[in-house]
Amino acid sequence: MTAKYEAHGTVAVITLQNPPVNGLGFATRRDIAHGIEQAQADPAITAIVITGAGKAFSGGADIKEFGSPMAIAEPNLGTLIGICEAANKPIVAAIHTVCMGGGLELAMGCHYRVTAPGTSVALPEVKLGLLPGAGGTQRLPRVLGVETALNIIVSGDPVKSEVLASLPGQKLFDRVITGDLMEGAIAFAHEISATRPLPLVRNLKCTHPNADAYFQFTRNTVGAMSKNFPAPLRCIDAVAASTNQKIDAGLAFERKLFIELMQTPESKALRHAFFAERATSKIPDVPEDTAVRPVNKVAVIGAGTMGGGITMNFLNAGIPVVMLETKQEALDRGVATMRKNYEAQVAKGKLAQTKYEERMALLSTTLNYSDLGDSDLVIEAVFEELEVKKAVFGQLDAVMKPGAILASNTSTLDVNKIAHFTKRPQDVVGMHFFSPANVMKLLEVVRGADTAKDVLATVMQIGKKIKKTCVVSGVCDGFIGNRMIEQYSRQAGMLLDEGCTPSQVDKAIEKFGFAMGPFRMGDLAGNDIGWAIRKRRAVERPNMRYSLTADRLCEMGRFGQKTSAGWYDYKPGKRDAIPSALVEQMIVDYRTSIGRTPRKVSDEEIVQRLVFALVNEAAKILEEGIASRASDIDMVYLTGYGFPLHRGGPMCYADTVGLYNVAQAMKRFAQNPDDDPAFWQPAPLLARLVAEGKSFS
Ligand code: T1G
């Protein structure tokens with residue numbers, strides 16, 4: 001039973017029991033309906049209370065059911081709410097902890113609502129590319145007023161129940177129960193059991209003094225902020241209907257919009273991302289109840305950009321950090337940079353001065369490895385040279401207490417080699433942060449061949465604590481993200497050789513939705529970083545083809561914004577990318593030198609070659625077991641590389657396009673001698689999925 005029925009004297013209590021969040025799946029909806037019928041049929045029962053067991057009243061409709069017949073199997077949520085409204089005995093919703101989406105809609109179908117304080121109340125459907133589809137856009141304005149309701153629906157953000165209960169004129173909550181919720185709810189049910197007529201939200205008036213002007217204003221502001229997502233504007237249309245249509249017409253209109261949104265690729269992408277984010281924490285061969293090691297103190301080696309950013313993550317989470325450098329001035333510089341970052345947040349009102357001081361009080365610095373011994377986790381963020389890592393890990397091995405976790409922030413070096421610079425390879429792991437480390441959500445947790453399972457479980461937990469999206473990667477060159485971005489960048493270079501300009505490539509992929517195209521990104525990150533890696537690659541993989549324009553650019557000293565010149569020109573102190581005639585001439589000269597006749601390349605081909613290069617390399621990464629699931633690769637790109645959220649990530653996008661069509665495009669690219677035919681052979685996994693008519697998900 002996913003909804004338990006119990007009679008408490010003359011009050012029937014129906015308790016949702018569908019862990020983890022009492023999702024309103026078919027069985028739960030059915031059992032609630034049965035409970036209401038049972039209470040109606042029992043003459044001894046004078047009132048009904050509905051509540052939720054565990055950590056939620058209800059987290060809403062069961063998103064896992066979406067797309068399956070169960071999602072709309074009767075009684076669907078609308079029908080169930082209709083059963084509540086038609087009941088001839090009062091129904092009291094007793095809500096607590098979490099009351100979201102369909103859960104709040106169910107509560108608004110009840111005659112009364114009582115709440116424990118601190119309950120998170122939300123209609124988060126918009127974050128799934130939807131809108132409340134069971135009356136939320138018609139009932140919430142009736143109990144909270146149009147403007148408060150619209151803010152809640154368009155933002156999708158939770159508001160505490162006691163805040164809503166304190167709004168003048170609100171009719172969402174009849175009582176805030178500070179003591180035992182069930183006792184209070186049952187007492188309240190007794191109080192109102194004989195009150196007639198039974199109050200119905202649907203009968204409340206819903207008006208706005210300047211409806212047209214108000215909705216026009218909200219459409220302008222919301223439209224400007226939600227250009228890639230249709231749902232927010234539909235939310236406004238639905239709420240507007242609550243002010244100018246009768247409730248049943250409004251409900252029908254809302255239902256129509258909901259069903260349309262459910263079919264949109266944007267909603268599918270957002271729902272995919274919702275589950276993808278939660279799936280990343282599951283490591284196939286590491287049980288979820290694996291005991292973790294305590295992490296009460298962290299050491300960071302290196303006070304540079306990465307070391308400082310990494311340190312701030314832990315200070316922000318209230319975890320003390322000892323930061324080590326080789327020279328005092330490097331330490332001073334690192335601490336000064338952190339202070340500057342915090343002070344900027346304080347100046348913008350994003351951080352309280354007291355919080356800033358609390359965080360800095362958790363920081364200590366040292367020049368001596370002997371001061372690190374009592375740290376539970378040490379993260380090395382020093383120069384990207386294996387010899388340097390060897391020296392550092394040799395020292396760490398000598399001073400760190402047994403059981404301490406030794407992590408490297410390396411982005412390209414072999415974590416297995418690093419592990420074997422110590423006598424405790426089982427305690428060594430990669431923690432690859434993305435710059436700026438205190439801002440970017442992605443953390444690649446690199447699992448060495450010897451990394452112990454509890455070390456992995458510990459790092460995944462501490463990563464979540466510092467608010468990172470942790471994705472486990474196996475050991476390979478570039479792990480998941482950088483290994484894929486290398487093919488993306490290679491294609492970008494070859495597109496220049498074939499006739500494109502940097503701004504044409506950037507504009508095409510930015511129109512697709514990327515935050516920044518490859519050339520603007522190179523100028524931001526520094527073109528010299530890629531240059532160093534290509535030099536190393538040229539030794540390791542001499543036969544990999546790529547355009548030499550990026551090397552020519554670096555030979556011209558054009559490293560990007562930091563030199564006020566890169567692929568683009570920059571006015572000193574400004575970040576606006578200005579196309580550079582000099583660079584475009586360099587590209588023309590380079591084409592001539594390799595005997596290449598430029599051709600017109602369409603934006604569509606640009607986008608396909610960049611994105612499908614990611615997909616093909618990702619298929620190999622999946623096949624090799626470097627990533628354990630396709631959705632993890634999507635999370636890497638959504639949280640670390642500016643891949644557009646409304647596309648769901650490279651793998652989700654490939655599924656949306658259809659893997660057959662992706663493979664067909666690759667075949668076309670393989671016929672282009674100026675490209676890299678060998679690279680465009682579909683990865684074996686991709687070819688297999690295409691042959692079987694399957695998708696990555
Ligand atoms: N359906 C199914 N599973 C859900 C779920 C839901 N609504 N919400 C959470 N889960 C799963 C989640 O996948 C994870 O599973 C576990 O619960 C814990 O989640 C008609 C149609 C409720 C605030 O959008 O915001 O109602 O990974 O890690 O941090 O208008 O989950 O353990 O297997 O997030 O304590 C609208 C989405 C649905 C709420 C709890 N509701 N959920 O946070 O736990 S659409 C939402 C959340 C709708 C109607 C429409 C949060 C939470 P697993 P968690 P948490």
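Both ligands and their constituent atoms are indexed starting at 1 by order of listing. Bear in mind the structure is a predicted one, so any value in this text is a computation, not a measurement.
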Side-chain donor-acceptor distances from residues 91-99 under 3.5 Å, at least two apart:
residue, atom, partner, partner atom, Å
His96, NE2, Gly52, O, 2.6

Give a table of atom pairs where an N or O of ligand 1 lies under 3.5 Å from a protein N or O.
residue, atom, partner, partner atom, Å
ligand 1, 1 (N), Ala61, O, 3.4
ligand 1, 1 (N), Ile63, N, 2.9
ligand 1, 7 (N), Gly59, O, 3.4
ligand 1, 7 (N), Ala61, O, 2.9
ligand 1, 26 (O), Ala61, N, 2.9
ligand 1, 26 (O), Gly102, N, 2.8
ligand 1, 27 (O), Lys282, NZ, 2.9
ligand 1, 30 (O), Glu105, OE1, 2.6
ligand 1, 30 (O), Glu125, OE2, 2.7
ligand 1, 30 (O), Gly133, N, 2.9
ligand 1, 34 (O), Arg278, NE, 2.9
ligand 1, 34 (O), Arg278, NH2, 3.2
ligand 1, 35 (O), Lys55, NZ, 3.1
ligand 1, 41 (N), Gly59, O, 2.8

Shortest non-hydrogen contact from Leu638 toward Gly648: CD1-O, 3.6 Å
side-chain hydrogen bond (donor to acceptor under 3.5 Å, both in side chains) involving Thr280 - partner list, sequence neighbours excluded: none
Electrostatic pair Arg202:Glu85 at N-O distance under 4.0 angstrom: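 Looking at Glu85 together with Arg202, the answer is yes, because their closest N to O distance falls below 4.0 Å.
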Pair Arg447 + Asp285: basic N to acidic O under 4.0 Å: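 Salt bridge present between Arg447 and Asp285.
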Pairs touching residues 251-267 that satisfy salt bridge (Lys or Arg N to Asp or Glu O under 4.0 Å), sequence neighbours left out: Lys256-Glu260
